[in-house]
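Have a look at the structure below, then the notes.
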Amino acid sequence: MGSSQSTPEFVTILADKQVELGQTIILRCEANTEEFTAMWQKNNQSLACVQDKHKIRQIGTKCILEIVNAQEGDEGIYTLNLKNSVGSVSCSAKVTVELNEWRTVQWKQGPMISKLKSFKISNYKVRELRYLLYGPVGAGKSSIINTIKTIFEGRQFINCLAAAESSTSHTIYYQKYSVAQGELFPFAFNDIMGIEKEKCEGLLTDDIISALKGHVIEGYTFNSKYPLSEGNKYYRDNPTLNDTMHCLVNIIPADKLALIKDDFIERMKAVRAIASKMGIPQVVFLTRVDRACPMTKANLRDVYKSKKIRDKMRECSNALGVPTNCIFPVCNYHEETGMNEHIMLDALTQIVHWANDYMTKRANA
Ligand SMILES: Nc1nc2c(ncn2[C@@H]2O[C@H](COP(=O)(O)OP(=O)(O)OP(=O)(O)O)[C@@H](O)[C@H]2O)c(=O)[nH]1
Ligand SMILES: [Mg+2]
């Protein structure tokens with residue numbers, strides 16, 4: 001009379017798993033009875049078992065799911081449901097598959113700095129390769145200069161005032177920042193007023209183009225209503241190769257990519273189109289990666305293993321039309337992150353060559 005069966009219960013539950021690409025994922029748990037039917041699900045759908053990939057086993061009260069050769073597509077929430085005639089019970093676990101490093105970096109700071117310091121610009125008349133940093137307000141333009149100067153000059157540099165979070169541009173003067181330690185390093189940066197969110201005011205596209213061409217003289221205060229024009233004392237009529245920019249560096253905050261996309265991308269694209277016409281190399285520095293990815297924040301060396309950052313780079317590439325090999329995730333010096341030279345040095349090592357190639361082409365034109 002009646003059944004002695006009761007709803008199955010878990011004695012041990014599934015544990016979250018983090019594995020490396022290619023490893024075997026083993027999910028296991030144990031019930032208090034053998035009398036149940038087990039059903040595995042992935043992301044709330046019945047698990048579609050693939051031969052030689054998924055192995056489902058039940059050994060007495062134990063349930064095991066093995067997934068061999070872990071790939072990104074194997075990530076998800078796995079649920080095991082145990083059911084008998086009386087009732088059912090389920091438990092879930094998250095599976096994460098770590099990527100291999102998708103960009104290799106030389107993690108030795110000393111040789112990277114020496115190489116950059118001894119880099120010879122191919123035209124002796126050009127003292128520094130010039131980089132124009134351009135991007136939305138608060139993207140981290142000033143912080144990039146501070147970080148670079150701190151790395152190369154060996155002390156924390158804060159002259160290039162980095163702003164507290166705000167929606168209006170903190171940098172309003174056009175300034176050149178050289179880098180020197182005894183002698184000059186072969187690169188200099190111009191930090192320009194950001195593009196502002198509200199009413200899309202801020203730096204006019206015409207001014208950015210003038211800056212790229214070397215017409216803007218340092219000390220000029222940008223005016224969001226009127227572009228700099230000939231006749232102004234800050235307008236350089238005949239810029240030389242020392243005045244023109246040799247590389248456009250678009251600065252995009254990784255943690256705010258979704259927010260800026262609609263508002264600014266069209267403007268940035270317009271500037272890019274003109275820079276392309278001029279043949280100027282263009283790259284993207286994806287800043288604030290520590291804010292966009294907790295794994296990267298915990299260890300900046302994991303930046304090139306982070307799926308979040310890789311996806312941000314793809315998103316950025318699609319939005320701006322810049323190939324991903326020209327996008328560099330960087331992290332600026334910040335009280336939360338401390339110093340983080342390697343990824344910045346890696347980015348610089350790449351872009352000095354591209355700027356030098358452009359300058360050489362211009363010199364020979
Ligand atoms: N956590 C973190 N914070 C950053 C990073 N880069 C910049 N910040 C912070 O973001 C804020 C804005 O940085 P700025 O360097 O002033 O940005 P900007 O692009 O020069 O801004 P405007 O001159 O106003 O256009 C500051 O509070 C910085 O400390 C980064 O890589 N990580
Ligand atoms: Mg600034």
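Order of appearance sets the numbers: ligands from 1, and atoms from 1 within every ligand. Numbering of residues begins at 1 and proceeds along the displayed sequence.
Residue-to-ligand polar distances place Gly140 within reach of ligand 1: an N/O pair is separated by less than 3.5 Å. Taking any N or O of Asp191, backbone or side chain, none lies under 3.5 Å from an N or O belonging to ligand 1. Here's the thing with Gly138: one of its N/O atoms is less than 3.5 angstrom from an N/O atom of ligand 1.
Looking only at distances, no side-chain donor or acceptor of Arg130 sits under 3.5 Å from a matching main-chain atom of Gly214.
Among the backbone and side-chain atoms of Ser142, an N/O/S atom is found under 2.8 Å from the Mg ion (ligand 2).
Thr24 and Glu66 share no donor-acceptor pair across their side chains, judged by distance under 3.5 Å alone. One side chain, Thr61 or Glu30, offers a donor N or O that lies under 3.5 Å from an acceptor on the other. A side-chain donor-acceptor contact under 3.5 Å links Gln71 and Asn69.
For ligand 1 and Lys141, the ligand atoms under 4.0 Å from any heavy atom of the residue are 15 (O), 17 (O), 18 (P), 19 (O), 20 (O), 21 (O), 22 (P), 25 (O). Proximity to Val137 (heavy-atom distance under 4.0 Å) selects the following atoms of ligand 1: 24 (O), 25 (O).
Proximity of Arg291 to ligand 1, defined as any heavy-atom pair under 4.0 Å, is confined to the side chain (atoms from C-beta onward). Only the side chain of Asp290 comes within contact range of ligand 1, with a heavy atom under 4.0 Å; no backbone atom does.
Separating the CG atom in Asn232 from the OG atom in Ser210 is a distance of 10.5 Å, to the nearest 0.5 Å.
Comparing Pro136, Ser143, Ala139 by heavy-atom distance to atom 13 (O) of ligand 1, the nearest is Ser143.
Annotation: Asn44, atom CG; neighbour count of heavy atoms from other residues, nucleotides and ligands within 6.0 Å does not exceed 12.
Ring to ring, Phe285 and Tyr131 are not that close: their centroids are 6.0 angstrom or more apart.
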